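What follows is a set of notes on a single structure, which appears directly below.
Predicted model only: the values in this text are computed from it and were never measured. Below, each value reflects all heavy atoms present in this structure, side chains not excepted, and no hydrogens, waters or symmetry copies.
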Amino acid sequence: MQDSIPSIPSDVAPPRITRRHALIGLAALLAQAGFWSNPLSAAMPSGAAAPSPAPGSMLFYTLSQAITGHQDLRAETAARIEQAMRTNVPGFAEHLPALGALVKTGQPAKDLLAAATATDASLRELALAIVAAWYTGTVAGNAAQGTKSIVVAYAEALMYRTVADGQVVPTYCNYGPLWWLKAPPPVLVSAPVAPKPAPAPATTGTPEPKGKQAQ
């Protein structure tokens, strides 16, 4: 005996789906799909690994760490500096691999600069240009070649690190809102020291008494 399928009473009408409800449901479905999907992963075959940074970018990032002596540089800033230097620095693409080949693990920045100087003057110029870009946040242009300076960073410029203990980045708030209304900190100046009396000047010979007539 087969189970009978319950029938819907004739007096109960099925729910009516209007065009407005259908459009709302479709929009919600598309929004959810767009939120959860990853265009990069969708384009990649199943099981494929995520693409790694370009070798040139990784080389420049490692070189920047070595020549500046700072290991905590931001990779995004390094990518912007590299892109700007490819535009403004002639021969950058050719000299970058040669300069990167001189980098050694644990090598001080001054040793890397010395190795670049001994190898080729152009490599020394490139090393100094990379340091200047990181410390100023700007890749200088060349008017003769029709290139303009490119600003790639401001607060991340390494020149502000050397004075971070007593100077904040210009235009940035120092000690909170309206900090200038508070009383200034005491000036640590030592108390004045009384000057020592100056000794009487030494005399030579025996002075003659006043009023004595020369004979």
Hey, quick one: are V151 and M159 part of the same hydrophobic cluster, counting side-chain heavy atoms closer than 4.5 Å, chains of contacts allowed? no
Is it true that Y154 and V131 fall in one hydrophobic cluster, defined by side-chain heavy atoms closer than 4.5 Å? yes
Should [X] and [Y] count as side-chain neighbours, where that means a heavy-atom distance under 4.5 Å?
X: V89; Y: E125; answer: no
X: Y135; Y: Y160; answer: no
X: R124; Y: T119; answer: no
X: I130; Y: L99; answer: yes

Kindly give the heavy-atom pair with the smallest separation between [X] and [Y], and that separation in Å.
X: L112; Y: A66; result: CD2-CB, 3.9 Å
X: A132; Y: T136; result: O-OG1, 2.6 Å
X: A84; Y: V139; result: CB-CG2, 3.7 Å
X: S149; Y: N88; result: CA-ND2, 4.1 Å
X: R86; Y: F92; result: CG-CD2, 3.4 Å

Output yes when a side-chain donor or acceptor of [X] lies under 3.5 Å from a complementary backbone atom of [Y], and no otherwise.
X: R80; Y: V152; result: yes
X: T138; Y: A140; result: no
X: T87; Y: Q83; result: yes
X: T147; Y: N142; result: yes
X: Y61; Y: E76; result: no
X: T62; Y: L59; result: no

Can you tell me how far [atom2] of [Y] sits from [atom1] of [X], rounded to the nearest 0.5 angstrom?
X: L126; Y: M85; atom1: CG; atom2: CE; answer: 5.5 Å
X: I67; Y: L113; atom1: CD1; atom2: CG; answer: 5.5 Å
X: L123; Y: T117; atom1: CG; atom2: OG1; answer: 9.0 Å

Tell me which pairs pass side-chain hydrogen bond (donor to acceptor under 3.5 Å, both in side chains) where either residue lies in residues 91-113, with sequence neighbours left out. none
Holding to side chain to side chain contact (heavy atoms under 4.5 Å, CB included), I want the full list of residues that pass it with R161, two or more places apart in sequence or in another chain. H70, D72, L158
